[in-house]
Structure formats: C-alpha cells, structure tokens
Amino acid sequence: MYLVLLGVPGAGKGTQARLLSEKLQIPQISTGDLFRYNLSHETELGLLAKQYMDRGDLVPDEVTIQMVAERIRQEDCARGAIFDGFPRNLNQATALDQMTAPHGGISLAPLIHLEDEEAMRRITGRRVCRQCGAVYHVEFNPPAREGICDIDGGELYQRDDDKPETVRNRLYVYYKQTAPLIGYYFAKSLLVEIDGSRPIEEVNRELLSVLPQDV
Ligand code: AP5
Ligand code: ZN
C-alpha cells in the first residue's frame, strides 16, 4: 500500500509517517530526511539541496524525482511505502503515479489539517536527533532527558530551516505549489481529511482507521 501524507510544514507528516511505518511494516520515504541525510554526509546532492532548503524553496524536480525513483526501486518498497513530503507539486505527483503504477498506484492521500499558527508553534519547538532523525517537541513530545534522543542517546538539534523567516516562506511555497495536490487527489477519490490538532496518538488512531483494510 502506497500512502501520500499531505499537510502544511509542521502538520505532523513525519511524526505520523514514522508511527505508520512501524505499525504497517512498510518504509517511510521522506524527501526532507533524504536531503538532510545527504547534507550531513556532505554529498553533492546534499550540498545542492541545502541552497534551496535554507531559503525554504523546493529542490528542483529532476533531482528530487530521481532520488525518489532510486529509493522506490529498493526491495523494501515492493509491498508499499509512506511518502512524507513528496510529492510537493503536480509534476512530482504525476511522476509518483507512474512510479507506483506497476504496484497498483497510490492507495490513499490523507491530508493532516493544522492551522498555520499552530504549525509555527510546532516547528519552533521541534528538535531532531542527529543520529537517527527521530522528531521531538520541547513541549508536546519531549524526550525523557532534555536534548538527548530516547532511542539512541543522540544529540537533539534544531533544523536550520526552522527559523521563523524560513518557515514563513515554506508556508508560502506550500500554498502556492503543494496545496493544488489536495484537488489532484480529491479528483482521484483518494483524499481523506484528518484533524491534526489533536495529540499524536489520537491523530494516529484516526489515520489507521481510514486506511484501506484489504491492501
Ligand atoms: P520537509 O523535511 O519535508 O519539511 P516540511 O514539509 O516543511 O515538513 P516538516 O518536516 O516541517 O513537518 P512535518 O509535517 O513532517 O511535521 P513533524 O512530524 O516534524 O522539507 C524540508 C525542505 O526540504 C523543503 O523546504 C524543501 O526545500 C526540501 N524538500 C523536501 N521534500 C521536497 C520535495 N518533494 N521537493 C522539493 N523539495 C523538497 O511535526 C512537527 C513538530 O510538531 C514536531 O516537533 C513534532 O514532535 C510535533 N508534533 C507532531 N504531531 C503533533 C501533535 N499531534 N501534537 C503536538 N505536537 C505534534
Ligand atoms: Zn536518535
């Protein structure tokens, strides 16, 4: 089953994708995480992506689509995957349809709703593990020990693109380029809307309840 999680930056796509990945035993494919992984290893792709991420703009499609195409060809994606942060415009959405078509296409596109103000609050309090990428929030989802990952003891840091001025541009880019995907998936009868303002476990329960049972 291939799922596409939609929602504004900070809506909880990454948090929910991780939980679903554990429960459904299919991988999470986060283009943001893939870019950050490349950046931390100072690859050519990572350094290129950084120029766009620092401004809150989208990384060019040809780079992003090729990266996803390579990831999806790996064996662990044969049963399905949870896309988080991809697709982000119509061009990426049609490319994803082509990539997943041989496996039955996209099963569902849940849209996690959250007001912009609340998204800003979530993003400014977000902390990420340098080692495993686990996501915390200083207030809403704190680690047991401040600044340290519960899973592997890694150091928690604040993303460079989580500065308020960059977040505002990410929201602008979202409404301009990504929001049209809501209509795209609605027209394909794949859109379901989830209230993202509730606690993490509640959002997750609702998501699980709307998933198709037979794929
Ligand atoms: P990306 O990493 O995808 O960032 P994003 O879409 O802006 O989304 P976020 O990671 O900010 O938010 P999220 O919805 O995953 O929320 P999270 O679960 O962390 O992209 C970054 C950049 O990479 C882009 O700007 C672009 O440059 C580039 N890029 C990536 N993909 C691309 C693509 N396809 N094409 C081109 N460029 C691309 O939660 C947020 C916080 O809230 C956390 O602290 C969490 O603990 C907390 N939280 C989560 N859920 C709840 C809850 N229910 N209640 C309380 N707190 C919660
Ligand atoms: Zn960790």
Side-chain angles (χ1 to χ4, degrees), residues 4-20 28-39 45-46 48-68 71 82-93 95-96 110-114 118-143 147-162 166-174 177-178 181 194-207:
V4 168
L5 296 187
L6 297 171
V8 291
K13 302 180 296 295
T15 301
Q16 295 300 329
R18 274 186 176 240
L19 290 172
L20 287 179
Q28 167 194 13
I29 301 182
S30 159
T31 39
D33 285 353
L34 290 171
F35 288 135
R36 280 184 287 279
Y37 176 85
N38 273 279
L39 185 55
L45 172 63
L48 173 92
K50 181 177 164 43
Q51 299 168 29
Y52 297 90
M53 294 171 84
D54 280 351
R55 292 197 301 266
D57 289 336
L58 296 186
V59 179
D61 281 353
E62 58 272 23
V63 176
T64 307
I65 291 169
Q66 199 201 329
M67 180 177 74
V68 173
R71 178 68 188 89
I82 301 152
F83 294 96
D84 142 29
F86 183 91
R88 259 193 157 82
N89 58 30
L90 290 169
N91 191 30
Q92 293 183 9
L96 182 61
L111 167 64
I112 304 175
H113 267 295
L114 195 70
E118 187 59 26
M120 288 287 271
R121 281 182 52 203
R122 288 199 187 167
I123 287 177
T124 41
R126 170 167 51 201
R127 299 292 181 270
V128 182
C129 174
R130 255 189 222 291
Q131 277 177 197
C132 72
V135 174
Y136 298 87
H137 191 284
V138 289
E139 193 183 335
F140 308 134
N141 182 24
I148 297 172
C149 178
D150 292 343
I151 301 163
D152 55 11
E155 181 205 356
L156 303 187
Y157 77 105
Q158 186 164 28
R159 274 169 46 178
D160 282 346
D161 63 346
D162 281 354
T166 314
V167 175
R168 270 191 288 276
N169 190 47
R170 281 162 56 198
L171 279 168
Y172 173 77
V173 169
Y174 171 82
Q177 302 196 49
T178 309
L181 297 185
I194 304 285
D195 176 3
S197 68
R198 290 168 309 150
I200 293 171
E201 276 306 326
E202 278 184 38
V203 176
N204 194 246
R205 262 198 300 278
E206 189 179 343
L207 263 172

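One-based numbering, in listed order, for ligands and for the atoms of each. For clarity, every value in this text was computed on a predicted model and none was experimentally measured. Heads up: numbering here begins at 1 and tracks the sequence.
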Interfacing atoms of ligand 1 (cut-off 4.0 Å, heavy-atom, [X]):
| X | value |
| --- | --- |
| Arg36 | 2 (O), 21 (C) |
| Thr64 | 33 (C), 34 (N), 35 (N), 36 (C) |
| Arg198 | 52 (C), 53 (N), 54 (N) |
| Gly14 | 13 (P), 15 (O), 18 (O) |
| Phe140 | 55 (C), 56 (N) |
| Pro199 | 53 (N) |

Exercise. State if Arg18 counts as touching ligand 1 under the rule of any non-hydrogen atom under 4.0 Å.
Key: no
Quiz item: Judged by non-hydrogen atoms, does Ala11 sit under 4.0 Å from ligand 1?
Solution: yes
I want to confirm something. Looking only at heavy atoms, which of [options] is nearest to [atom]?
| atom | options | result |
| --- | --- | --- |
| atom 20 (O) of ligand 1 | Arg88, Gln92, Arg126 | Arg88 |
| atom 31 (N) of ligand 1 | Thr31, Asp54, Leu6 | Thr31 |
| atom 27 (O) of ligand 1 | Leu39, Asp57, Val59, Leu58 | Asp57 |
| atom 10 (O) of ligand 1 | Gln51, Arg159, Lys13 | Arg159 |
| atom 41 (C) of ligand 1 | Glu202, Arg122, Gln177, Glu201 | Arg122 |

Quiz item: Does Arg130 make a cation-pi contact with Tyr157 (under 6.0 Å, within 45 degrees of the axis)?
Solution: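 Judged by the rule, Arg130 and Tyr157 form a cation-pi pair.
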Taking distance alone, with N or O pairs closer than 3.5 Å, would you say [X] contacts ligand 1?
| X | result |
| --- | --- |
| Asp33 | no |
| Tyr136 | yes |
| Pro87 | no |
| Arg127 | no |

Self-check item: Spacing of Leu5 atom CG and Leu111 atom CG [to the nearest 0.5 Å]
Solution: 10.0 Å
Quiz item: Quick check: are there more than 12 heavy atoms from other residues, nucleotides or ligands sitting under 6.0 Å from CD of Glu202?
Solution: yes
Does [X] approach ligand 1 within less than 4.0 angstrom via side chain, backbone, both or neither, non-hydrogen atoms only?
| X | value |
| --- | --- |
| His137 | both |
| Thr15 | both |
| Tyr174 | neither |

Quiz item: N/O/S atom of Asp150 under 2.8 Å from the Zn ion (ligand 2), yes or no?
Solution: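 No, outside the cut-off.
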Quiz item: Is any side-chain heavy atom of Arg198 less than 4.5 Å from a side-chain heavy atom of Glu206?
Solution: yes
Exercise. Write the atom name of the N, O or S atom in Asp152 that is nearest the Zn ion (ligand 2).
Key: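 Looking at Asp152, the N, O or S atom with the least distance to the Zn ion (ligand 2) is OD1.
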